[in-house]
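Just so we're clear, the structure is a prediction, and the values are computed from it rather than from any experiment.
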Amino acid sequence: MKKIMLFLAAMVCFTLAIAQNNFKKTAGFAVQFTLNDFKTPQSLRSGGVAAAIKDEDWKTMKEMSPGIALSYLQGLSDHVDFAGTLSGSFSNVPVPNKPVNSNRYLLLEAAATANLKLLTDDYFFTPFLTLGVGATKFRNYFSAFMPIGAGLQFKLGPESFLLINSQYRIPVTDNGAYNLYHAIGFAQTMERKEPKVVPPPPIPVVLVLDRDNDGIPDATDKCPDVPGLANLMGCPDKDGDAIADGDDKCPDVAG
């Protein structure tokens, strides 16, 4: 068991180190319906899986303890989500070395888990593994446990998910009991904010003035109000003798 736990922890750390964040889940909440099963783990631990299946020694859904859970979700990377869960149910917990009581009492549980997703939130169907720590309060007994499990995530919309999860909860203190925890519910996360694209600044428009429309800018046109020739700096030459009319003593006769 320790090797499995160390392997899962190493996988989480490895994924955190290499994963990109193109599909990291935004913060959100989930409401789930839960079932607690304390009988089946006792059968598995006493006789093994084969014996439990052969003798059909496990609890049906009707015999399990129903409850409600509220979870806070936050993506740590593309493939790892954090889940903080508070749950409550009326259960009959077999506290070790304590008198057996057939009545059901309120069982409060709190867990912090990492969900290691095999695919990203971009896919409709995403299986995941669960590993974490938790604590319980049953009557006057407090205990701690370690949940190990697996689940499925179905993408219902851009930020909406259906979550199905089963955990095997291993007690790590004296007052804890082995149990199976099953949950199904809906999660809604915040709308993903796309990065703002800043448009490039507009290209400045250079306004070239040419009052006489002779193709020579006014800044270099010596005759800006009269169309002229480029080789005469924009001045006209009516007689075509290559002498600007302003400098030509006979502007009407070529000379």
Side-chain angles (χ1 to χ4, degrees), residues 1-37 40 61 64 66-89 109-135 145-170 179-201:
M1 181 61 68
K2 291 183 178 180
K3 291 182 179 180
I4 295 176
M5 291 161 52
L6 289 174
F7 172 75
L8 291 175
M11 286 294 295
V12 171
C13 294
F14 177 73
T15 304
L16 282 171
I18 67 171
Q20 299 179 358
N21 297 321
N22 297 329
F23 300 101
K24 184 172 71 172
K25 187 183 271 84
T26 57
F29 293 91
V31 178
Q32 297 172 297
F33 172 75
T34 66
L35 291 171
N36 273 312
D37 179 4
T40 304
M61 185 178 295
M64 298 180 189
I68 295 293
L70 178 64
S71 299
Y72 169 79
L73 303 175
Q74 174 67 63
L76 302 181
S77 72
D78 280 0
H79 292 275
V80 179
D81 293 342
F82 167 80
T85 304
L86 296 175
S87 59
S89 65
E109 300 173 287
T113 58
N115 296 332
L116 177 61
K117 299 179 295 186
L118 302 185
L119 301 172
T120 69
D121 287 348
D122 190 43
Y123 291 86
F124 168 73
F125 172 80
T126 304
F128 61 87
L129 303 176
T130 298
L131 176 66
V133 294
F145 64 89
M146 179 171 291
I148 298 176
L152 299 174
Q153 174 183 281
F154 298 89
K155 186 175 183 179
L156 305 180
E159 306 299 334
S160 302
F161 304 92
L162 170 66
L163 300 175
I164 302 174
N165 181 226
S166 291
Q167 300 173 3
Y168 184 60
R169 295 188 161 181
I170 304 169
N179 77 297
L180 291 174
Y181 171 92
H182 311 287
I184 181 172
F186 296 93
Q188 179 67 43
T189 59
M190 298 180 185
E191 184 177 357
R192 192 181 303 275
K193 293 183 179 180
E194 299 295 337
K196 292 183 178 180
V197 178
V198 179

Whether T189 side chain and E159 backbone form a donor-acceptor pair below 3.5 Å
yes

Are E109 and T34 packed together at the side-chain level, in the sense that at least one heavy-atom pair is separated by less than 4.5 angstrom?
no

Closest non-hydrogen atom pair between P66 and M64, with its separation:
CD-O, 3.3 Å

Can you name the closest pair of heavy atoms from A183 and Q32 and give their distance?
CB-NE2, 4.0 Å

Heavy-atom side-chain contact between N165 and F128 under 4.5 Å
yes

Any side-chain heavy-atom pair of F82 and L73 under 4.5 Å
no

Heavy atoms only: give me the nearest S89-G67 pair and the separation to one decimal.
CB-CA, 3.7 Å

Give, for atom CG of N115 and atom NE2 of H79, the distance between the pair rounded to the nearest 0.5 Å.
14.0 Å

Show the nearest heavy-atom pair for residues A30 and A187, with the distance to one decimal.
CB-CB, 3.7 Å

Do L76 and K24 have side chains that get closer than 4.5 Å, going by heavy atoms?
no

I would like to know whether L70 and V31 meet side chain to side chain contact (heavy atoms under 4.5 Å, CB included); could you show each step before the answer?
CA-CA 5 Å; L70 178 64; V31 178; 4.0 Å; yes

Taking atom CG of N179 and atom CD1 of I170, what is their separation to the nearest 0.5 Å?
10.5 Å

Taking atom OH of Y123 as the centre, does the number of heavy atoms from other residues, nucleotides or ligands within less than 6.0 Å exceed 12?
no

Think K25 forms a cation-pi with F161, using NZ or CZ under 6.0 Å from the six-ring centre and within 45 degrees of its axis?
yes

Heavy-atom pair of closest approach, residues A110 and F145
O-CZ, 4.0 Å

Give a yes or no on whether the backbone of D121 and the side-chain of T126 come within a donor-acceptor separation of less than 3.5 Å.
no

Between atom OG of S71 and atom CG of D81, what is the distance when rounded to the nearest 0.5 Å?
11.5 Å

Checking the side chain of H182 only, and the main-chain atoms of S166 only, is there a donor and an acceptor separated by less than 3.5 Å?
no

Does a side-chain heavy-atom distance below 4.5 Å link F125 with F154?
yes

With the side chain counted from C-beta on, respond yes when F186 and S160 share a heavy-atom pair under 4.5 Å apart, and no when they do not.
no

Are Y181 and T85 close enough that some pair of their side-chain heavy atoms sits under 4.5 Å apart?
yes

For M190, is there any backbone N or O sitting under 3.5 Å from a side-chain donor or acceptor partner on T26?
yes

Does the side chain of L129 come within less than 4.5 Å of I148's, by heavy atoms?
no

